[in-house]
Amino acid sequence: MGKFTEYIGSQFGNPRGFVGKVCCLIMNIINKAMYKKTVALIDVKDGARVLDIGYGNGYLLKCLNRKKNLELYGIDISEDMLAQATKKNKKAAEKGKLHLEIGDCCKLQYEDNMFAAVSSINTVYFWDDTVKGLSEIRRVLIPGGSFYNVVYTKEWLDKLSYTKKGFKKFEPEDLVKLGEEAGFEEIKVQSIVKGKSFVVIYKK
């Protein structure tokens, strides 16, 4: 794998600089079905707290806020994306309904039982400890709350040149098993695009 291809792959895991901005815009386009499915699945009351892990340029948060009046939270490892996501969600920020952090989902700095829903689109590949991340997400969910873990299939990722290094790839049954280890008892898998993408729904 060439250095440039490896660099592009790293940008999808931690967008930064001008190239990171471009990669996020590309992700907004190629992940359109994933965003649409996630927004449709998240069914919470107005005013509910929703956390997006790996918010990138804030595209999903903006889509969610169009659907309902929510308290939007986000955590991302990229400092460069904080300004981008805040700008994209300017109205929510001005109303005090946007709460974005820089950090690691394996070490969430939120209280127990805080969020009605948590979402993640294409971030689980990069977590240092998958079970730890899932356990932390379970901790911050309210009883009855759900985590929507949206990913591409291992088969699809194997076809892409930039995913050869730095990407953990999962079959649906892998993520179900890891969720059980993290303490989730109710776990469902739904296809998004057959053979290409799916969502694992973990309910607390």
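If you read the sequence from its start, that first residue is 1, and numbering goes on from there.
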Where Cys105 and Ile75 come nearest, the two heavy atoms and their spacing: N-CD1, 4.4 Å
Mutual orientation of the aromatic rings belonging to Tyr202 and Phe184 [parallel < 30°, tilted 30-60°, perpendicular > 60°]: tilted
Over 12 non-hydrogen atoms of neighbours within 6.0 angstrom of CD in Glu155: no
Audit row: Lys132, Asp104, salt bridge (charged side-chain N to carboxylate O under 4.0 Å, His left out) steps and yes/no: CA-CA 11 Å; Lys132 176 63 175 174; Asp104 183 350; over 6 Å; no
Ion pair check, Asp52 and Lys62, cut-off under 4.0 Å: no
Value rounded to 0.5 Å, distance of OH in Tyr152 from NZ in Lys196: 5.0 Å
Given Asp129, Thr123, Thr130, the one that forms side-chain hydrogen bond (donor to acceptor under 3.5 Å, both in side chains) with Trp127: Thr123
Heavy-atom closest pair, residues Ala85 and Gly56: CB-O, 3.6 Å
Reported OG-to-CZ distance for the pair Ser146 and Arg138, which is rounded to 0.5 angstrom: 12.0 Å
Stepwise side chain to side chain contact (heavy atoms under 4.5 Å, CB included) check, Leu157 with Tyr125: CA-CA 10 Å; Leu157 289 174; Tyr125 324 123; 3.6 Å; yes
Glu173 atom CD: more than 12 heavy-atom contacts under 6.0 Å: yes
Residues, nucleotides or ligands: over 12 heavy atoms within 6.0 Å of Lys90 NZ: no
Atom NZ of Lys67: over 12 foreign heavy atoms under 6.0 Å: yes
Shared hydrophobic cluster, Ile142 / Ile53 (ILVMFWY, side-chain heavy atoms < 4.5 Å): no
Lys169 and its side-chain hydrogen bond (donor to acceptor under 3.5 Å, both in side chains) partner, picked from Asp158, Thr153, Asp174: Asp158
More than 12 heavy atoms from other groups under 6.0 Å of NZ on Lys203: no
Gap separating the OH atom of Tyr73 from the CG atom of Leu100, nearest 0.5 angstrom: 10.5 Å
Short side-chain to backbone donor-acceptor contact, Asn89 and Gly58, under 3.5 Å: yes
Heavy-atom donor-acceptor pair, Asp76 side chain to Tyr55 backbone, under 3.5 Å: yes
Check against salt bridge (charged side-chain N to carboxylate O under 4.0 Å, His left out), Glu71 and Lys97: CA-CA 5 Å; Glu71 288 288 334; Lys97 294 184 176 295; 3.3 Å; yes
Which atom of Val39 lies closest to which atom of Leu60, heavy atoms considered: CG2-CD1, 3.8 Å
Euclidean distance, Ser119 OG relative to Ile42 CD1, rounded to 0.5 Å: 4.5 Å
Candidate pair Phe170 and Val151, rule side chain to side chain contact (heavy atoms under 4.5 Å, CB included), full reasoning: CA-CA 8 Å; Phe170 301 94; Val151 297; 5.7 Å; no
For Pro172 against Val189, the heavy-atom pair lying closest together: CB-CG1, 4.0 Å
Residues Met34, Lys37; criterion side chain to side chain contact (heavy atoms under 4.5 Å, CB included); working and verdict: CA-CA 5 Å; Met34 291 176 153; Lys37 181 71 170 181; 5.9 Å; no
Check: Val118 and Val50 side chains under 4.5 Å, non-hydrogen atoms: no
Got a list of side-chain donor-acceptor pairs under 3.5 Å for residues 108-117, not counting sequence neighbours?
from   : atom 1 : to     : atom 2 : distance (Å)
Gln109 : NE2    : Lys107 : O      : 3.0
Asp112 : OD1    : Arg139 : NH1    : 2.7
Asn113 : OD1    : Lys204 : NZ     : 2.7

Passing candidate, side-chain contact (heavy atoms from CB on, under 4.5 Å) with Val150, options Asn122, Val200, Ile192, Ile201: Ile192
Least distance between heavy atoms, Gly103 atom then Ile77 atom: O-CG2, 3.2 Å
Gln190 and Leu41: CA distance, side-chain angles, deciding distance, side chain to side chain contact (heavy atoms under 4.5 Å, CB included) verdict: CA-CA 11 Å; Gln190 291 186 18; Leu41 284 172; 4.0 Å; yes
Separation between NZ of Lys95 and CG of Leu72, rounded to the nearest 0.5 Å: 10.5 Å
Spacing of OG belonging to Ser120 relative to CG belonging to Asn149, to within rounding of 0.5 Å: 5.0 Å
Where Asn65 and Ala92 come nearest, the two heavy atoms and their spacing: ND2-CB, 3.9 Å
